[in-house]
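Just below is one structure, and these are the notes that go with it.
Remember, it's a predicted structure, so these values are computed and weren't measured experimentally. What you see below is based on every heavy atom in this structure, not just the backbone, and it leaves out hydrogens, waters and symmetry mates.
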Amino acid sequence: MIFRLIGDTPMRGQRDPSWRGAVQDVDAYELDDAAARERILAAEGLIIGGGADHLLLARHRAALTGFVRAGGRVLVNGQVVKPFIDGLAPWRKLEFRGPQDVRPHPVEAHPVWEGVDYADLHYRTGVPGTHSYERLEEIGVAGFYGRGYHLDLPEGARTITGIGQYRLPLDYSYRLGDGEILVHGGNDLESFADDRYSIAGIGPNLVAWLEGGTGSAGAATAASSAAPAAGPARVSAAGSAALSEVGSRGSAPRIGLLHCGSFPALRALADPALAPYRLESVYLPHADPADLAGLDAVIVGDRLHQGQLARFAPAIREALQDPDKTVIVLGENKVENWLPGVGYTFRPTVFWTWRTGEDNGTRLRLPGDPLWEYFTERAVSWHHHGLLHPRPGARELVVMEEDGAESGALLYIDEVNQPARLLVTTMDPVYHHGSGFMPGASQLLYSLLRWVTSTHVPA
């Protein structure tokens, strides 16, 4: 059996190919339960999803390392911020100006990439069917496969894929005890299996490689070596003041980012460009919902784990009853299930509008609205994840136009249906800013923080 550990809300509209029948998705937070952890570590192989909680995984570093040493195989996806298995090298952002700077090149052979033409990797989005290969190659759009590299590789590591003209290590593998670790420093490797191209084989190849592990032989040892789950310590305040005490009276607002320890959130929180806003980390697995009472602005980060978000949903709804608060809800959070009066309609994501110039129907409205003093068109028109249908009275500032008619909102502000100021969007700026990709996403995140800071009126 192969388990894929996931910790975020998967993007809607993705399909599961037939080979995925050999892979079972598991909530990464089950690692905190001893019995579930033992079951997970009895697999032959593990896939660590790019949206998994790195703080959670780091708490179980000993168990995950033991699993590999006992013969297991692991694919690690995404940008390693906090190493959670012995030997993992931190990811580093690559400075790039064009497609050739992020072109992947084969360096050493590995069975997962057998039969793969690397040109197909270069011009794929990671979402089959989104754009044609020919169209992306024609306009020189690339970068989903990888846009960073690793240094300080562990002893004996092999570079499988190099990025850019210097072939810097993007994909690498190394042995640890009787097992092996494969690291892909980009969007989830398995998502690139596209039946139309040579990369169709990545999925089946990956399954075959992971099934060659013998992790179950050492499951008991690995499980018993797990570090105990940390207690309910809070990771939310920048400084020693408790969040229950309002610290913004007459000063800059206290802005909290709700997140689940994914690499994009951790990288965004560490971004020096955000330091002037004193953005506070509210790590949901260890925070107390009551912590939100002391914040002036609550940002519900995008793609949050639905179970962790559900624990905070009542506190977010309570924050909406405070006229001194601003609540911002970002994309891919299934808001229709917990945010009062909001509807949602799925639409496929068009990833490359910001580069191709294609008209995906995004329209800006209410040009005289005060929000446009802080937001540019580029900040709100890079892509989206479906349509919102807010309650009457909300100001729909970015909408979708289809067949000459508006079909839903991509960003709206509601200041009439609850005492608090509410902004909701289906865009996911924390994910893309933290991933180091899509300049418009960074602009949106900066604009949101500037808007909150500049328009906050202390009570």
Ring pair (Phe, Tyr, Trp, His ring centres under 6.0 Å) filter on His54, not counting sequence neighbours, yields Phe84
Contacts satisfying ring pair (Phe, Tyr, Trp, His ring centres under 6.0 Å) that involve residues 317-338 (not counting sequence neighbours) are none
In short, salt bridge (Lys or Arg N to Asp or Glu O under 4.0 Å) pairs touching residues 437-458 with sequence neighbours left out are none
_Looking only at the side chains, is there a donor atom on one of Gln443 and Thr376 sitting less than 3.5 Å from an acceptor on the other?_
yes
Sorted by chain and number, sequence neighbours left out, ring pair (Phe, Tyr, Trp, His ring centres under 6.0 Å) with Phe312 holds for none
- request: Would you kindly say whether Tyr29 and Asp53 are connected by a side-chain donor-acceptor distance under 3.5 Å?
  value: yes
- request: Check for a donor-acceptor pair, side chain of Asp414 on one end and backbone N or O of Asn417 on the other, with a separation under 3.5 Å.
  value: yes
Is the closest basic N to carboxylate O distance between Asp25 and Arg4 below 4.0 Å?
yes
Quick note, salt bridge (Lys or Arg N to Asp or Glu O under 4.0 Å) partners involving residues 268-277, not counting sequence neighbours, are none
Nearest heavy-atom contact between Asp302 and Pro429 is OD2-N, 3.1 Å
Of all heavy-atom pairs linking Leu388 and Leu410, the shortest is CD1-O, 4.5 Å
Between the CG atom in Leu371 and the OG atom in Ser447, the distance rounded to the nearest 0.5 Å is 8.5 Å
*Keeping the roles fixed (side chain from Asp296, backbone from Arg254), state whether a donor-acceptor pair exists under 3.5 Å.*
yes
Sorted by chain and number, sequence neighbours left out, salt bridge (Lys or Arg N to Asp or Glu O under 4.0 Å) with Arg365 holds for Glu401, Glu406
Contacts satisfying salt bridge (Lys or Arg N to Asp or Glu O under 4.0 Å) that involve residues 156-172 (not counting sequence neighbours) are Glu108-Arg158
Distance col, row Leu304:CG vs Asn333:CG, nearest 0.5 angstrom, shows 4.5 Å
Q.
With a 3.5 Å distance limit and no angle check, can you tell me whether Asp33 reaches the backbone of Ala36 through a side-chain donor-acceptor pair?
A. yes
Salt bridge (Lys or Arg N to Asp or Glu O under 4.0 Å) filter on Glu396, not counting sequence neighbours, yields none
Margin query: Does Arg37 form a salt bridge (charged side-chain N to carboxylate O under 4.0 Å, His left out) with Asp32? I'd like the steps, not just the answer.
Written below: CA-CA 7 Å; Arg37 184 169 62 246; Asp32 279 338; 5.7 Å; no
Looking only at side-chain N and O atoms, does His456 offer a donor or acceptor that is under 3.5 Å from a partner on Asp324? no
Rounded to the nearest 0.5 angstrom, the CD1-CD1 distance for Ile413 and Ile328 is 9.0 Å
**Report entry** Any Ile299 side-chain heavy atom under 4.5 Å of Leu258 side chain
**Finding:** no
In this structure, NE2 of His60 is separated from OG1 of Thr65 (nearest 0.5 Å) by 12.5 Å
Here the pair of heavy atoms bringing Cys260 nearest to Pro285 is CA-CD, 4.4 Å
Hits for salt bridge (Lys or Arg N to Asp or Glu O under 4.0 Å) against Asp369, two or more places apart or cross-chain, chain-then-number order -> Arg395
Open item on the list: Using 30° and 60° as the class boundaries, would you call the ring planes of His110 and Trp113 parallel, tilted or perpendicular?
Closed with: perpendicular
Any side-chain donor paired with an acceptor under 3.5 Å for Tyr118 and Thr161?
yes
Does Gln321 have more than 12 heavy atoms from other residues, nucleotides or ligands lying within 6.0 Å of its CD? yes
The side chain to side chain donor-acceptor pair (under 3.5 Å) partners of Ser454 (sequence neighbours excluded) come to none
_Tell me whether Tyr374 contacts the main-chain N or O of Tyr446 through its side chain, where contact means a donor paired with an acceptor under 3.5 Å._
no
So salt bridge (Lys or Arg N to Asp or Glu O under 4.0 Å) across residues 422-444, not counting sequence neighbours, yields Arg303-Asp428
Q: Would you tell me whether His259 and Ser281 have side-chain atoms, one donor and one acceptor, within less than 3.5 Å of each other?
A: yes
Paired with Thr9, the side chain to side chain donor-acceptor pair (under 3.5 Å) test is passed by just one of Lys334, His305, Gln306, namely Gln306
Closest non-hydrogen contact found for Leu444 with Phe375 is CD1-CE2, 3.5 Å
In terms of heavy-atom contacts, Val416 and Pro392 come closest through CG2-O, 4.1 Å
For Asp403, the salt bridge (Lys or Arg N to Asp or Glu O under 4.0 Å) test, sequence neighbours excluded, returns none
- In terms of heavy-atom contacts, does CD of Glu377 have more than 12 from other residues, nucleotides or ligands at under 6.0 Å? no
Would you say Asn77 and Glu190 are linked by a side-chain donor-acceptor pair, where the criterion is simply a distance under 3.5 Å? yes
In terms of heavy-atom contacts, Ala310 and Pro314 come closest through O-CD, 3.4 Å
Rounded to the nearest 0.5 Å, the CG atom of Leu5 sits from the CG atom of Leu31 at a distance of 5.5 Å
Inset, instruction - Kindly assign one of parallel, tilted or perpendicular to the pair Phe192 and His184, based on the angle between their ring planes and the thresholds 30° and 60°. - result: perpendicular
Looking just at side-chain N and O atoms, do His385 and Thr426 make a donor-acceptor pair shorter than 3.5 Å? no
**Item:** Aromatic plane relationship, His150 with Tyr172 - under 30° parallel, 30 to 60° tilted, over 60° perpendicular
**Value:** perpendicular
Query - Val76 side chain reached by Leu182 side chain, heavy atoms, under 4.5 Å - result: no
Open item on the list: What I'd like to find out is whether the side chain of Arg92 reaches to under 4.5 Å of the side chain of Asp152, using heavy atoms alone.
Closed with: yes
